[in-house]
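The next block holds one structure in the form of structure tokens; read it before the comments.
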Amino acid sequence: MEKIYQSILEGVSRKQKKLVLLIDPDKFQSTKALENAIDAGVDYIFAGGSLLTRGSLQRCVEIIKKSTNIPLILFPGSTDQIDPNADGILFLSLISGRNADNLIGKHVVSAPILKKTSLEIIPTGYMLIDGGSNTSVAYMSNTMPIPHDKTDIAVCTAMAGEMLGLKLIYMDTGSGALNHVPTNMIRQVKKNINIPLIAGGGIKNPEHAYNLCNAGTDVIVIGTVAEQSPGMISEIAGAVHQNNAYLVSGK
């Protein structure tokens, strides 16, 4: 049963935007962000990172599952970031790049492992967009992000991903990016695809999240801002879910 994916589709059909807290196991030093996510009504939790050198994905998953019933989805940066105790996994194909390993190679390696789990597997077209700074994901994936002003390339890439049968398009400027995905790029991509659109990277405040939602994003992902300022989670959740004083005041 595709419970997670169906919940995303239901949100799209009802025009209900969703919020994701991305947790990097390497930076998971405190449960404060997790506690704030629960209080703020975050819809999903992603766990994973471009490179794990200190943190344990398994330990991270264990703590999250013990702390909350929020659906936990793996956001793997490599084939060893698979834990059967999560609820689902984004089966990421880096369609913005030309690195064969990230398009299909790593998927072949992980397929027999995933086949033995009960994880909900969600085929996802992952698109790196230039966010104004060099990011770990661009370096580790050995790919060049789509330039922030090349909207036509982004649109065609997303359309191709949908035609290949991918179920989600995830546009990301990467952890710690200076800027989020341009709203005009989001708007044009959304006009040309019929599958849910996720955006992450460079989202620093409620206004960023609100503008991305207005442009057509269905699911907003925050990570760095939650690590640095856990209290910001509730404010961004309010902007995404459109039910807090930030939006009521018309700011």
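Remember, predicted model here, so these are calculated numbers, not experimental data.
Minimum interatomic distance between Pro112 and Val108 (heavy atoms only, all atoms of both residues): CD-O, 3.3 Å. Contact record, Leu21 with Ala226: CD1-CB, 3.4 Å, taken as the closest heavy-atom pair. The shortest heavy-atom contact between Tyr210 and Ala239 is CD1-O, 4.0 Å. Nearest approach of Lys190 to Asp218, heavy atoms of both residues: NZ-OD2, 2.6 Å. Taking both residues in full, the closest heavy atoms of Gly202 and Thr173 are given as N-OG1, 3.7 Å, listed atom of the first, atom of the second, then distance. Listed here is the closest heavy atom pair of Leu57 and Pro25: CD1-CG, 3.9 Å.
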Exercise for review: Assess whether side-chain hydrogen bond (donor to acceptor under 3.5 Å, both in side chains) is satisfied between Asp39 and Ser234, documenting all intermediate values.
Suggested key: CA-CA 8 Å; Asp39 293 339; Ser234 61; over 6 Å; no

**Study point:** side-chain contact (heavy atoms from CB on, under 4.5 Å) assessment of Asp26 paired with Thr53
**Key:** CA-CA 7 Å; Asp26 258 8; Thr53 59; 3.2 Å; yes

Exercise for review: Start with the C-alpha gap between Phe91 and Ser110, add the side-chain angles, then the distance that decides, and say whether side-chain contact (heavy atoms from CB on, under 4.5 Å) holds.
Suggested key: CA-CA 10 Å; Phe91 205 40; Ser110 60; 3.5 Å; yes

Point to revise | Verdict with supporting geometry, Ile146 and Asp130, side-chain contact (heavy atoms from CB on, under 4.5 Å) | key: CA-CA 6 Å; Ile146 294 175; Asp130 179 27; over 6 Å; no

Review point. Which is it for Thr68 and Leu34 under the side-chain contact (heavy atoms from CB on, under 4.5 Å) test, yes or no, and what are the steps along the way?
Key: CA-CA 9 Å; Thr68 177; Leu34 184 58; 4.2 Å; yes

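Rounding to the nearest 0.5 Å gives a distance of 13.0 Å between CG of Asn192 and CZ of Arg187. Put simply, CG on Asn69 and CG on Leu72 are 11.5 Å apart, with the number rounded to the nearest 0.5 Å. Note that CG of Asp152 and CE of Met185 are 8.5 Å apart. Values are rounded to the nearest 0.5 Å. To the nearest 0.5 angstrom, Arg98 atom CZ is 10.0 Å from Thr143 atom OG1. Taking CD1 of Ile220 as the reference point, atom CD1 of Ile236 lies at 9.0 Å (rounded to 0.5 Å). Between the CG atom in Leu94 and the OG atom in Ser141 there is a gap of 5.0 Å [rounded to 0.5 Å].
Under a 3.5 Å cut-off, the side chain of Ser229 and the backbone N or O of Met232 do not form any donor-acceptor pair. Panel note: side chain His180, backbone Ala209; no donor-acceptor pair is recorded below 3.5 Å. Gln81 places a side-chain N or O within 3.5 Å of a backbone atom of Gly77 that can act as its donor or acceptor partner. Of the possible donor and acceptor atoms, none in the side chain of Asp24 sits under 3.5 Å from a partner among the backbone N and O of Gly49. With hydrogens and angles ignored, the 3.5 Å screen pairs a side-chain donor or acceptor of Asp43 with a backbone N or O of Leu19. When atom types are taken as modelled, the side chain of Glu120 and the backbone of Ile89 share no donor-acceptor pair closer than 3.5 angstrom. No donor-acceptor pair closer than 3.5 Å links the side chain of Thr224 to the backbone N or O of Ser175. Judged by distance alone, with hydrogens and angles left aside, the side-chain atoms of Lys18 form no donor-acceptor pair with the main-chain N or O of Val221 at under 3.5 Å. Between the side chain of Ser7 and the main chain of Tyr5, no donor-acceptor pair closer than 3.5 Å is present. Listed for the Ser136 side chain is no donor-acceptor partner under 3.5 Å among the backbone atoms of Ser50.
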Below 3.5 Å, can you tabulate the donor-acceptor pairs from side chains in residues 155-172 to any protein atom, sequence neighbours excluded?
{"unit_1": "Thr157", "atom_1": "OG1", "unit_2": "Ile153", "atom_2": "O", "d": "2.7"}
{"unit_1": "Glu162", "atom_1": "OE1", "unit_2": "Asn194", "atom_2": "N", "d": "3.2"}
{"unit_1": "Glu162", "atom_1": "OE2", "unit_2": "Asn194", "atom_2": "N", "d": "3.1"}
{"unit_1": "Lys167", "atom_1": "NZ", "unit_2": "Glu2", "atom_2": "OE1", "d": "3.4"}
{"unit_1": "Lys167", "atom_1": "NZ", "unit_2": "Glu2", "atom_2": "OE2", "d": "2.4"}
{"unit_1": "Asp172", "atom_1": "OD1", "unit_2": "Gly174", "atom_2": "N", "d": "2.9"}
{"unit_1": "Asp172", "atom_1": "OD1", "unit_2": "Gly201", "atom_2": "N", "d": "3.4"}
{"unit_1": "Asp172", "atom_1": "OD2", "unit_2": "Tyr126", "atom_2": "OH", "d": "2.5"}

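Between Thr217 and Ile198 the shortest side-chain heavy-atom distance does not fall below 4.5 Å. Annotation: side chain of Leu212 is in contact with side chain of Thr183 (closest heavy-atom distance under 4.5 Å). Side-chain contact between Ile186 and Leu197: present, with at least one pair of heavy atoms (C-beta onward) separated by less than 4.5 Å. Ile203 has its side chain out of reach of Val225: every pair of non-hydrogen atoms, C-beta onward, lies at least 4.5 Å apart.
Enclosure of atom NE2 in His148 is not indicated, since only 12 or fewer non-hydrogen atoms of other residues, nucleotides or ligands lie within 6.0 angstrom. No more than 12 heavy atoms of other residues, nucleotides or ligands sit less than 6.0 Å from atom CG of Asn134. At most 12 non-hydrogen atoms from other residues, nucleotides or ligands lie less than 6.0 angstrom from NZ of Lys150.
Cluster annotation: Ile23 is not connected to Met140 through the hydrophobic network of ILVMFWY side chains, with a link wherever side-chain heavy atoms come within less than 4.5 Å. Follow the hydrophobic side-chain contacts under 4.5 Å out from Leu92 and you never reach Met144; the two are in separate clusters. In this structure, Leu74 is not a member of the same hydrophobic cluster as Val109, with clusters built from ILVMFWY side-chain heavy atoms closer than 4.5 Å. Ile113 and Leu119 end up in the same hydrophobic cluster when Ile, Leu, Val, Met, Phe, Trp and Tyr side chains are linked at under 4.5 Å.
Applying the side-chain hydrogen bond (donor to acceptor under 3.5 Å, both in side chains) criterion to Thr117, with sequence neighbours excluded, gives no partner residue. Under the rule for a side-chain contact (heavy atoms from CB on, under 4.5 Å), the partners of Thr135 that lie at least two apart in sequence or sit in another chain are Ser133, Val137, Ala138.
Residues Asn85 and Asp83 have side chains that bring a donor and an acceptor to within less than 3.5 angstrom of each other. Using modelled atom types and a 3.5 Å distance limit, the side chains of Ser93 and Asn102 yield no donor-acceptor pair.
With respect to the salt-bridge test (charged N to carboxylate O, under 4.0 angstrom), the residues Lys65 and Asp87 qualify.
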